[in-house]
Amino acid sequence: MEAHRLSSTKPVQALKPTKKIPLEEDTGKASDALPLPLYLTNALFFTLFFSVVYFLLSRWREKIRTSTPLHVVTFSEIIAILSFFASFIYLLGFFGIDFVQSLVFQPSPDVWIAEEEDDEVLLAKEDARKVPCGQALDCSLPPLPPAAPIVTVQKVFDEKPVTVLTEEDEEIIKSVVAGTTPSYSLESKLGDCKRAAAIRREALQRLTGKSLSGLPLDGFDYESILGQCCEMPVGYVQIPVGIAGPLLVNGREYSVPMATTEGCLVASTNRGCKAIHLSGGATSVLLKDGMSRAPCVRFGNAKRAADLKLYLEDPDNFETLSVVFNRSSRFGRLQGIKCAIAGKNLYIRFTCSTGDAMGMNMVSKGVQNVLDFLQTDFPDMDVIGISGNYCSDKKPAAVNWIEGRGKSVVCEATIKGDVVRKVLKTSVESLVELNMLKNLTGSAMAGALGGFNAHASNIVAAIYIATGQDPAQNVESSHCITMMEAVNDGKDLHVSVTMPSIEVGTVGGGTQLASQSACLNLLGVKGASKETPGANSRTLATIVASAVLAGELSLMSAISAGQLVRSHMKYNRSSKDVSKAT
């Protein structure tokens, strides 16, 4: 027999003995006395009901047409009327009584509690017979408010708790499931983000019939994401964070946090960091720093669109536009305007500095200020959208590859020949040849746009997730060209990465969450720089580029030495026998 363990800080109330509720199967059913099976009896009375209705309506229509009094009935009509009442009474008794009782006689709260308790006991027994707790249903229900008693039923064989909900929570869950309470409004109605997430989670499980037992709920500050990071949360996903380093860049060492579920990625990047460190470190240079936003506006004809283009690109007007733009923020400063025409449509690419923020909201506010200002001199200008995709955000685009977006960085290192042989297990000549045929020629054959590298996006995505950046901006932030050549008479290897559009920030968005903030703190770039606005985000961009350099160096060496498949079989494969997993 299955053993149970009860634990509570207050007297157990939810499992107290209650009045026995007679079950339906304890008494006989009226249908047991029928001479025919129930489904045949139902079909018979359905057919009888609609047949006599049709017959009577036809007869009465005929009487009206022939001016015959309706109260004059024949024998067949009398039989039809009696059949109508008989079938109606049967159908009402079969289908209507339970529905009417549910409206007239509302069950008391005690009845609901007793039924829930019976369901808990039956559910626990059913669980023990069929599957482990959590495999087919969720066994970790949301916690109660601090003031309410919490009763936990814990099964010995799997040690997973089941928390019984309060009656108030249960009613809210039922209203969410029924659709009377919108799920998105729980935080504002309850004033407790954690409780709202728990109730939403349970309602979701009941609606879908799917368990969320593997998705953690506890241990997260749901208040911190309200209104800025995520809507309608039901838990959070756990991603392991590994450390690559020390990475020596510009004479300073960094331990680089990488959040990933891909085996070998952190280990490979770490090997690249070691090779760079043993060779004297890397040098990283920031080339450009400016976030862009490009609205689309339309005119009645192409000439008017050209007039605005000439006005915006006239150097004499730049200062006026800058004053209007810069009103939006004390950090946002307009740097330049670039326009492109397509017929009578004009795309205006504004670029500005954004301090330590990634800056999308900042530049958008400045752009809106300028558009409002331009309406005075160009009243026929129709603003189609604040973003016309000429920016270009979260999409691979040649304009970002050529003009840059966010931070443009180049990073280089000279790896000693001994380090190439002993640490990277390959040769300078092999790396140079592989880089030319894979990263340059191979990418060109594939028609790559900004993808002249081995796996820059791997490192960028891992660092972005760990430090609270926007993971979707990995698309353009991973634009990278990797160059390798033999130097010092072919003895050493010069390697570099050029990344024109690294979009990062150290304030705002996900950077303020506890875990991501800790990773930024590890790098020494947490929050805004007090000495030089924008210094922290620029430093983070150089760290990203340097980590990409390390990742490129190690992966290319593994491919050159034929180690890629072997290392992934060793470190990126589960040791569990999935055929025996339950």
Supply the atom-to-atom distance N521 CG to T467 OG1, rounded to the nearest 0.5 angstrom.
13.0 Å

Once rounded to the nearest 0.5 Å, what's the spacing between atom CG of L523 and atom CD1 of I463?
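Result: 8.0 Å between the selected atoms.
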
Listing, residues 535-543 side-chain donor-acceptor contacts under 3.5 Å, not counting sequence neighbours, or none:
residue : atom : partner : partner atom : Å
N536    : ND2  : G527    : O            : 3.0
S537    : OG   : G355    : O            : 3.2
S537    : OG   : K407    : NZ           : 3.3
S537    : OG   : G534    : O            : 3.1
R538    : NH1  : D289    : OD2          : 3.4
R538    : NH2  : P533    : O            : 3.4
T539    : OG1  : A535    : O            : 2.9
T542    : OG1  : T539    : O            : 2.6

Between [X] and [Y], is any side-chain donor less than 3.5 angstrom from a side-chain acceptor?
| X | Y | value |
| --- | --- | --- |
| S501 | E476 | no |
| N439 | S443 | no |
| S560 | T426 | yes |
| R405 | S292 | yes |
| R421 | S427 | no |

Could you walk me through whether C480 and F452 pass side chain to side chain contact (heavy atoms under 4.5 Å, CB included), step by step?
CA-CA 6 Å; C480 171; F452 299 92; over 6 Å; no

Flag side-chain contact, heavy atom, 4.5 Å: E503 against M291:
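Touching, per the 4.5 Å side-chain cut-off.
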
Give the C-alpha distance, both sets of side-chain angles, the deciding distance and a yes or no for side chain to side chain contact (heavy atoms under 4.5 Å, CB included) between I481 and L440.
CA-CA 8 Å; I481 182 169; L440 303 182; 4.2 Å; yes

In this structure, which one of T414, N435, V420, I415 forms a side-chain contact (heavy atoms from CB on, under 4.5 Å) with V495?
I415

Can you tell me which residue pairs pass the salt bridge (charged side-chain N to carboxylate O under 4.0 Å, His left out) test with a partner in residues 355-370, sequence neighbours excluded?
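Output for this query is empty, none listed.
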
Ion pair present between K194 and D218, side-chain N to carboxylate O less than 4.0 angstrom?
yes

Do the ring planes of W401 and H479 sit parallel (below 30°), tilted (30 to 60°) or perpendicular (above 60°)?
perpendicular

